[in-house]
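Read the structure below first, then the notes.
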Amino acid sequence: MTQVSVALSLSGSGGKDGGMHDLVVRNAHLVDGTGTPARPADIAMSDGVITDVAPHVDGRARRTVDAGGMVVTPGFVDIHTHFDGQATWDPILAPSSQHGVTSIVMGNCGVGFAPARPNPTDHAWLIGLLEGVEDIPGTALAEGLTWDWETFPDYIASLQRREWTIDVGTQVAHAPLRAYVMGERGADPHEEPTVDELGAMVRHVREGLRAGALGFTTSRTYIHRTSSGQPLGTRFASTDELVALASALTDEGTGVIQLISDAYLSHDEDLATREMTLMEEMARACGRPMSMTVQQPIDAPERWKRMVSWTIDAASRGIDLKTQIAPRPIGVLHGLDASITPFILCPTWALVMQLPRERRVAELSKPEVRDRVLREHPEQLLRATGVLHNLCAEFGSLFPMSDPVDYEPSPDSSIAGIATRENRTPAEVAYEMLLHNGGRQLLYMPLFNYVSGNLDAVREMLLSPRSVIGLSDAGAHCGAICDGSFTTTAVAHWSQKRSRGERLPLEFMVHHVTQRTAQHVGWFDRGVVAPGMVADLNVLDIDRLGAAPPRLVNDLPAGGRRLVQDAHGYVATVKCGAVTFEHGEHTGVLPGRFVAGTRGTPSTIPV
């Protein structure tokens with residue numbers, strides 16, 4: 001596509017029925033979300049709904065977007081975010097809204113802020129839950145959360161009073177529910193609910209679904225811990241408990257199950273078998289769709305293949321299981337202002353990090369400070385083990401971030417590769433890199449989905465008919481991970497820019513982040529550009545589409561920091577027929593609302 005600017009203006013001639021469209025997008029190269037071939041089209045919208053899609057749409061419009069030379073897609077749907085707290089104070093919900101996302105789902109991984117007993121102790125525990133599991137600053141949550149709710153329906157009522165740039169849906173999370181009903185025992189993974197307690201939890205799930213929750217979520221992984229280091233009370237929940245909770249979805253005839261388990265993560269094949277058996281029993285018993293996290297970890301690099309085959313086999317037996325996957329590596333960011341650097345264990349580095357931001361670069365630039373840190377680094381590595389050692393020592397897996405970011409970097413572009421070419425130590429190169437751009441340079445370390453140094457495994461996951469893209473965790477991991485740009489990578493990298501392996505069709509990847517995600521959670525009214533659907537669109541300069549390097553800002557309540565990430569190539573984003581972003585800038589309108597439960601009916605358009 002050629003690069004042209006979008007024209008936003010009043011339209012000209014009137015239509016044959018004399019009516020007036022709210023918005024018409026003309027001259028689009030339309031990728032409609034269904035996976036069918038792109039085609040030229042005009043799209044007309046009124047009252048938040050698409051009213052016509054045709055080679056030429058007649059009629060006048062209050063506003064016209066000339067999309068000549070542009071790709072037009074449905075608005076993207078991100079089903080795995082953690083904006084549960086931020087949505088109560090922030091109407092923009094960036095970076096998701098900057099990356100073409102027009103609908104999000106919260107309440108994932110069994111964590112959230114409702115139900116919550118109205119007392120400081122319970123509020124503090126829930127803040128510690130999200131601070132630990134999702135790396136959201138507790139001070140920001142303590143200041144920002146309004147706590148104008150107790151039950152889950154109360155929480156939904158609170159969300160219904162708010163407006164955003166995007167639509168928001170949520171799910172009933174297991175961990176806060178357990179604590180609400182069982183008290184302190186609910187936070188203990190070795191405690192089981194009594195018969196009465198389990199019945200109360202089932203009633204709460206049912207009430208949440210009736211109020212508009214999209215489903216139920218839980219966590220069964222060792223990596224999820226509270227800010228005090230305690231495992232979640234949900235980790236060892238019994239099959240009986242989980243099947244009972246899932247029965248609420250059967251009773252209400254609606255909802256999905258989302259969970260994370262160690263099945264994809266552990267090297268223990270027997271554990272994986274037990275977890276997969278439990279998940280299948282939950283989905284079979286309740287008859288509702290389930291998705292579970294699947295990635296490629298270093299310790300179990302082939303497990304994803306087993307889980308992909310398992311979901312396909314289950315579908316053939318009438319059990320709706322899907323792998324929830326990422327379109328790129330999931331990794332951590334190293335930087336002076338981030339949560340991690342290779343030198344985090346070095347005493348001299350730690351002292352410098354206590355200085356005000358503006359003095360750190362100057363101090364670290366001093367030759368004597370540099371020499372001390374580089375001398376301490378190999379000594380400190382001797383006492384580091386496990387993941388911490390890898391984070392500080394694996395320079396062959398540490399990459400400088402470019403603009404736009406390359407999420408499939410080659411080995412020779414790593415810190416170790418640069419060091420080899422320049423005949424220097426990797427630690428020297430990393431130290432120098434971290435001081436670039438006034439100390440704002442970030443380094444990227446893939447932890448999942450990059451075992452072979454490429455994304456070939458991810459491509460196979462994407463091709464599975466039982467896969468759904470999720471796991472962006474947008475709104476979480478504020479100091480180390482910034483994956484709210486998954487949608488941009490899914491479309492730009494896989495269909496346009498991949499150079500180290502086979503690409504995937506543009507239409508397929510757009511389908512992956514629109515219709516497929518929307519229909520999985522029961523939103524049948526969006527994800528496709530067709531008459532009667534919600535008027536959510538992206539106008540893309542496909543040649544420029546990409547993600548800028550993340551950057552740290554201190555814009556959370558109480559001055560809390562978080563990573564944000566700008567985008568390239570989004571000419572315009574339309575939410576419910578209103579232009580919300582132009583060339584990456586918010587226009588000021590807030591057409592997004594809370595979306596309660598299943599919307600529409602299953603489409604005749606194939607998924």
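All residue numbers refer to positions in the sequence shown, counting from 1.
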(request) Could you list the residues that satisfy side chain to side chain donor-acceptor pair (under 3.5 Å) with Arg284, not counting sequence neighbours? (result) Glu281
(message) List the residues meeting side chain to side chain donor-acceptor pair (under 3.5 Å) with Asp262, not counting sequence neighbours, and say none if there are none.
(response) Thr221
(request) Compute whether any side-chain donor of one residue and acceptor of the other, for Asp268 and Ser266, lie under 3.5 angstrom apart. (result) no
(message) How about CD on Glu184, more than 12 heavy atoms from neighbouring residues, nucleotides or ligands closer than 6.0 Å, or not?
(response) no
(request) Tell me yes or no: between the side chains of Thr254 and Thr598, is some donor less than 3.5 Å from an acceptor? (result) yes
(request) For His99 and Ser485, test the side chains for any donor-to-acceptor distance below 3.5 angstrom and give the result as yes or no. (result) no
(message) Over 60° means perpendicular and under 30° means parallel, so tell me whether Trp349 and Phe343 are parallel, tilted or perpendicular.
(response) tilted
(message) Looking at Glu143 and Ala558, would you say the former's side chain and the latter's main chain have a donor-acceptor pair under 3.5 Å?
(response) yes
(message) I'd like to know if the side chain of Arg235 pairs up with that of Ser219 as donor and acceptor (distance under 3.5 Å, no hydrogens or angles considered).
(response) no
(request) Cation-pi check, Arg220 to Phe236: give yes when NZ or CZ is under 6.0 Å from the six-membered ring centre and within 45° of the ring axis, no otherwise. (result) no
(request) Check the side chains of Thr293 and Gln324 for a donor-acceptor pair under 3.5 angstrom, ignoring hydrogens and angles. (result) no
(message) If we ignore hydrogens and angles and just use 3.5 Å, is the side chain of Arg593 paired with the main-chain N or O of Leu590 as donor and acceptor?
(response) yes
(request) Kindly assign one of parallel, tilted or perpendicular to the pair His80 and His82, based on the angle between their ring planes and the thresholds 30° and 60°. (result) perpendicular
(message) As a quick check of understanding, evaluate salt bridge (charged side-chain N to carboxylate O under 4.0 Å, His left out) for Glu191 and Arg178, giving each step before the final call.
(response) CA-CA 10 Å; Glu191 287 282 350; Arg178 223 172 182 265; over 6 Å; no
(request) Using the six-membered ring of Tyr264, assess whether NZ or CZ of Arg303 lies under 6.0 Å from its centre and within 45 degrees of the ring axis. (result) no
(request) Assert yes or no for the condition that the ring centre distance of His204 to Phe152 is strictly below 6.0 Å. (result) no
